[in-house]
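The structure presented is a predicted model; accordingly, all values stated were derived computationally and were not measured. So that the names make sense, note that chain A is the first sequence line, chain B the second, and so on, each numbered from 1.
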Amino acid sequence: MSAREAIAGALRVALPIALALTVGGAVLLALGKDPIDYYVFVVERGLLSWAGFQESLTRSAPLLLIAAGLIVAFRAGIWNLGVDGQFLLAAVIAAALAPELIAFLPGLLTLLIGFVVAALVGAAWSLVPALLKARIGVNEIVTSLMMSFLGISLANVLIKIPFNDPATTVPQTRTLAVEDRLPRLFDTTVHAGIVIAVAAVVLVHLMMTRTAFGLRLQMVGANPRAAQHAGLDVGRLTVATFALSAGLAGMGGAADALGVLGTIRADWDPGYGLLVVPLVFLARFHGIAVIGFTLFFAVLMIGGESAARRLGVPNFFVLVLVGLLLLFLAVVEYLDQMRRRRRVA
Amino acid sequence: MDAILSPAFVTALLLGAVTAGTPLLLAGLGEQIAEKAGVLNIGIEGMMLMGAYVGFVAAFTTGSFWMGFAGGAAGGVAVAVLMSILCVRLGMNQIVIGIALTLGAEGLTALLHHFQFSRSYPRLPDVPVLEIPGLAAIPVIGPVLFAHHPLVYLAVGLVVLLGWLFRRTNMGLNLEAAGQKPGALDAAGVGVIATRTWAVLTTGALAGIGGAFMATVGAGLFVPFMTGGAGFIGIVLAMLARGRPLWVMLGALLFGISLALTTAFQVAGFNIPTDVVHMLPFAMVIVVLVLFARHSVLPPALGLPYVRSDR
Amino acid sequence: MTEAAVSRPATTTGTAIALSAVTKRFPGVLANDAITLDILPGEIHVLLGENGAGKSTLIAMLAGMQQPDAGTIAVHGRDVRIGSPRESLALGIGTVYQHVLLVPTLTVIENLMLGGAWWRRQDRGAALARFHELSATLGVAIEPDIPVGRLALGEQQQVEIMRALWRGERVLILDEPTSMLTPQGVADLGRVMQRLRDQGVAIVFITHKLREAYAFGNRVSVLRLGLLVGQLGPDELARLTEAEVTDAVIRLMFGASEGHTDDADALLGRGRRHHSSALRADAPPRIALHGVATEAAPGECALHAVDLAVRPGEILGVAGVDGNGQKHLAEVLAGQRRAAAGRVMIDGRDATAEGVAARRARGVRYVTDERLGEGTIAAFSVATNLVAKEIGRPPRWRHGITLWDRVHAHARESVRRHDVRTPSERTPIGRLSGGNIQKVLLARELDEDAGIVVYNKPTYGLDLHNNALARARIADGAARGLATVLISTELDELLALADRVAVMLGGRVVGVVDNGADAELAIGRLMTGAA
């Protein structure tokens with residue numbers, strides 16, 4: 001029976017991915033593109049070429065930090081859908097701060113402060129939805145989304161007015177010199193942010209599974225009334241969850257700003273937030289499992305970006321895949337429940 | 001400062017507010033129906049976007065705005081059909097499916113747009129306006145109140161109609177029961193699943209028409225991601241309106257004004273960065289929520305699938 | 001509307017409903033096993049049986065909520081397939097469910113109009129006419145235009161009966177309608193049932209109280225483990241005394257050869273408890289409330305100026321119809337709810353401001369009535385649920401790190417000691433039966449450091465065996481010196497266990513009665529506000 005369960009477990013993961021890729025392929029076909037060509041190109045470019053693989057690893061850093069944040073939130077039953085605003089605002093502030101600090105602080109300290117400030121900015125941006133949820137029980141989905149839109153616009157205002165680098169024509173923050181950014185690992189192009197990200201995911205996983213705090217969060221997520229019954233301060237735990245989740249997303253912003261870009265241009269918004277949601281579900285909120293799915297997804301993104309230029313399939317296709325993935329994830333989950341129920345009978 | 005109060009500014013602002021507010025009104029009314037029936041429809045953003053795309057294509061190919069709205073309704077309903085099967089009938093998580101549908105619709109419409117229009121970026125001709133004879137000539141008030149696309153008047157009529165349906169017909173009772181105590185509706189011999197399915201499909205149609213209005217009357221063209229959170233604002237409107245269509249309209253007008261400020265400031269010769277103005281509606285949502293959320297009332301069964309044995 | 005049925009004479013012969021060999025299976029359970037049963041017009045037909053005997057499944061099939069796997073149902077001589085509640089209503093079968101199924105935000109008349117064609121205008125005029133007609137039939141007076149949420153439970157039930165009769169009164173099914181009612185409410189319901197019976201309505205009355213079965217029933221059918229095990233007809237009921245009927249029914253229900261099993265005693269509330277030896281009249285109270293009031297959300301009943309004191313070894317019973325402030329009382333005692341006014345004293349020290357954790361450290365324990373709603377986390381393991389109220393504290397946590405080995409070892413020990421039937425201590429608690437979940441809760445709350453225990457409806461929904469076990473644990477705890485507050489809507493339970501019984505009405509303690517010979521009468525009067 002356990003072998004059967006193992007197969008079922010593998011299917012629960014493989015089936016949604018396969019279905020999403022298949023239906024996505026059908027969409028490509030309908031648009032007159034060869035899906036096999038596309039997928040082969042994506043894998044060659046994002047995974048099998050050394051440069052592409054390094055790019056995919058680099059891209060994994062912000063995605064993993066966001067995933068870590070979503071794991072905290074989802075395990076605690078909080079729908080933090082404001083990740084994009086938290087991410088971008090933190091990235092802009094970290095990017096604007098670092099070139100100022102580097103003038104009189106050592107490089108590593110500058111980067112450290114950049115990460116800490118980014119985490120704080122992200123956390124601060126989650127405060128309104130957190131307090132509204134904790135105090136009056138306003139649904140956090142809507143409020144966090146609204147704050148996200150607000151944050152993205154605010155980030156642009158910051159770039160265009162106070163943080164604008166007068167030396168450039170396009171509005172952008174002052175540039176952090178390449179040698180001052182996050183150090184590269186060995187002689188690759190992958191920066192140290194990936195180490196921070198993997199460490200964050202592992203730490204989050206240990207926190208959720210091995211500590212009293214993590215258990216309390218999960219209890220709030222699984223049954224808030226039971227948590228209250230057991231004497232937990234659900235409101236404070238909600239705020240803490242939001243702060244942690246948004247703080248990690250903010251660190252993701254710092255990883256991109258201080259590791260890859262060095263400057264943030266106006267109207268840059270990668271919109272990673274909602275894209276990571278299905279990965280976290282696919283991993284069933286398991287910290288270690290999410291690493292693999294994130295890498296898979298980073299390959300898809302990097303390969304997809306090249307494919308946009310080479311094959312003329314715009315990157316919006318990745319959005320379609322993500323939507324399909326989430327959809328089939330829910331469908332497979334449903335079928336699995338049906339199967340279990342029938343087995344009992 | 002005179003420019004702020006100039007007739008040109010006020011006219012531009014209010015006119016813009018009506019144009020920007022109509023899609024919000026339609027989305028908000030649609031979401032209100034779904035929420036009354038106990039379905040939290042996060043996918044409404046996707047329904048609007050699909051409506052915007054299909055509506056634009058329909059209007060562009062047929063040359064008729066009305067065909068555009070019909071296409072918009074069809075696009076919205078297409079997404080809503082998925083939502084109703086997966087969430088209402090099969091009882092899957094409404095939030096997960098809602099996000100999936102929104103993301104999928106965003107990607108699909110952007111993709112389709114890329115392959116069809118990214119080289120030409122076609123525009124629709126000017127909007128046919130129904131000017132109420134005589135009244136439309138009154139300065140400021142005339143154009144603001146009496147010179148719009150007919151759909152605007154229909155949307156306002158819908159507010160009245162829904163108010164009447166909610167209060168006076170059995171449909172109103174059914175919706176209320178489906179969200180408040182679905183077991184009671186079931187026991188009374190009315191299918192909860194059927195009631196909620198119709199509610200979600202209606203939401204899809206209204207959101208789709210709203211999206212189509214945005215693309216055809218509002219912008220005259222389709223731009224990827226053009227709804228920009230309007231569906232989510234619709235959710236907020238429905239949350240705060242406590243089941244009253246008139247309140248949705250007032251809210252839509254309020255948010256419409258904040259959306260229309262960009263154009264109005266340009267007319268008045270002010271140079272305020274568009275990003276600041278973009279922040280306005282969302283900042284307003286937050287302020288309104290902080291001030292009034294305490295009084296928002298959501299049906300107890302909102303977001304929960306109905307399973308008969310759980311009675 | 002089938003108006004023809006309204007004036008059906010009581011003498012009508014033939015069956016209203018004939019079930020033949022009806023079978024229904026659920027995963028792992030044979031809920032109804034080839035049941036053949038006739039429901040006659042002009043009769044109150046009582047269905048008796050333990051939890052899980054198959055009563056609810058049987059009526060769910062008549063109400064159209066479930067469909068039989070085999071067998072046939074005939075209504076007024078015609079074979080029918082009742083595929084939905086709508087079809088059941090169309091056949092003239094009206095059902096009043098165990099839990100209130102009315103929309104609290106709609107008015108009485110709106111609730112009654114529910115179910116009309118959706119495209120139609122609400123026909124208030126016709127509805128009001130029918131409402132007054134039924135009000136007269138039932139002999140009740142309810143305001144049609146107030147929201148149902150503001151009615152008392154007894155009135156809500158009357159509305160439910162009206163709805164059940166709304167489309168023609170042929171068959172009325174009542175599923176445990178008395179569990180939420182005062183003694184007065186039960187008597188009123190009995191009168192309504194008899195009126196309807198005399199007009200020729202076939203009534204199916206489900207209860208687990210033998211006294212009501214004897215008082216109201218014309219025919220009694222007993223179910224056990226999905227089987228119809230026996231029936232007492234009108235002749236027998238008329239011939240036998242209450243005690244003889246009781247013995248006969250109990251033999252059927254438990255399949256025992258002699259009538260007086262322990263289970264039967266529990267069922268009948270026999271075996272009144274004598275005052276516990278641990279109770280010392282001179283001991284200072286362990287916990288006391290002084291003028292405590294709470295704030296209520298809409299639909300809740302708040303406390304007003306409540307004074308109570310419980311001494312070690314004493315069981316203070318709290319009686320009252322559900323929804324008269326018992327929930328707030330339990331939560332205020334446990335520290336789960338803030339007192340808006342007044343003081344909570346524990347061992348003579350002011351503990352008003354203390355929350356659940358601080359009170360727990362002082363020995364306060366709370367066994368909630370919402371086992372699944374707040375008592376447990378269904379998806380978490382039995383082991384985690386057992387320690388849910390001590391997260392972060394030694395010995396099973398060190399510096400905030402969970403020592404899962406110790407948590408599981410502790411759980412294995414508790415499972416063994418309290419005879420919890422579970423595949424493993426890692427099994428999600430939601431998969432256990434109600435009785436076993438209650439055992440886990442009792443194990444969690446009645447640890448060695450417990451001193452003051454609040455039970456809220458501790459036997460609600462348990463079968464007789466687990467019911468008896470829970471009662472024994474409550475009595476044992478008090479005998480060990482625990483100061484015990486026992487909140488219950490079952491008067492029998494309070495009379496069997498309590499030393500004193502406080503009666504709640506509208507959020508106030510309207511009286512405290514010493515448990516003795518006349519206690520039942522005195523409590524009943526206080527519950528209805530008559531005294």
- line: To the nearest 0.5 Å, atom CG of L215(A) lies from atom CH2 of W404(C) at 5.0 Å

message: Does anything in residues 361-370 of chain C reach chain A? List residues with heavy atoms under 4.5 Å apart, or say none.
response: Y366(C), T368(C), E370(C)

- prompt: Non-hydrogen atoms of chain A under 4.5 Å away: do they reach the side chain of L403(C), the backbone, both or neither?
  reply: neither

field: Heavy-atom proximity to chain A below 4.5 Å, by part of T376(C)
entry: backbone

task: For atom CD of Q67(C), decide whether the heavy atoms of other residues, nucleotides or ligands shown that lie under 6.0 angstrom number more than 12.
output: yes

- request: Walk me through it: do T211(A) and W397(C) pass the test side chain to side chain contact (heavy atoms under 4.5 Å, CB included)?
  value: CA-CA 8 Å; T211(A) 69; W397(C) 272 267; over 6 Å; no

message: Nearest 0.5 angstrom please: I391(C) CD1 to R216(A) CZ, how far?
response: 6.5 Å

task: Examine whether an atom of A388(C) lies under 4.5 Å from a heavy atom of chain A, and if so say whether it belongs to the side chain, the backbone or both; otherwise answer neither.
output: both

- prompt: Heavy atoms under 4.5 Å from chain A: which residues of residues 429-447 of chain C carry them?
  reply: R444(C)

- prompt: Which residues in residues 221-232 of chain A have a heavy atom less than 4.5 Å from any heavy atom of chain C?
  reply: A222(A), N223(A), R225(A), A226(A), Q228(A), H229(A), A230(A), G231(A)

- prompt: Considering residues at least two apart in sequence or located in another chain, which fulfil the salt bridge (Lys or Arg N to Asp or Glu O under 4.0 Å) criterion with R371(C)?
  reply: none

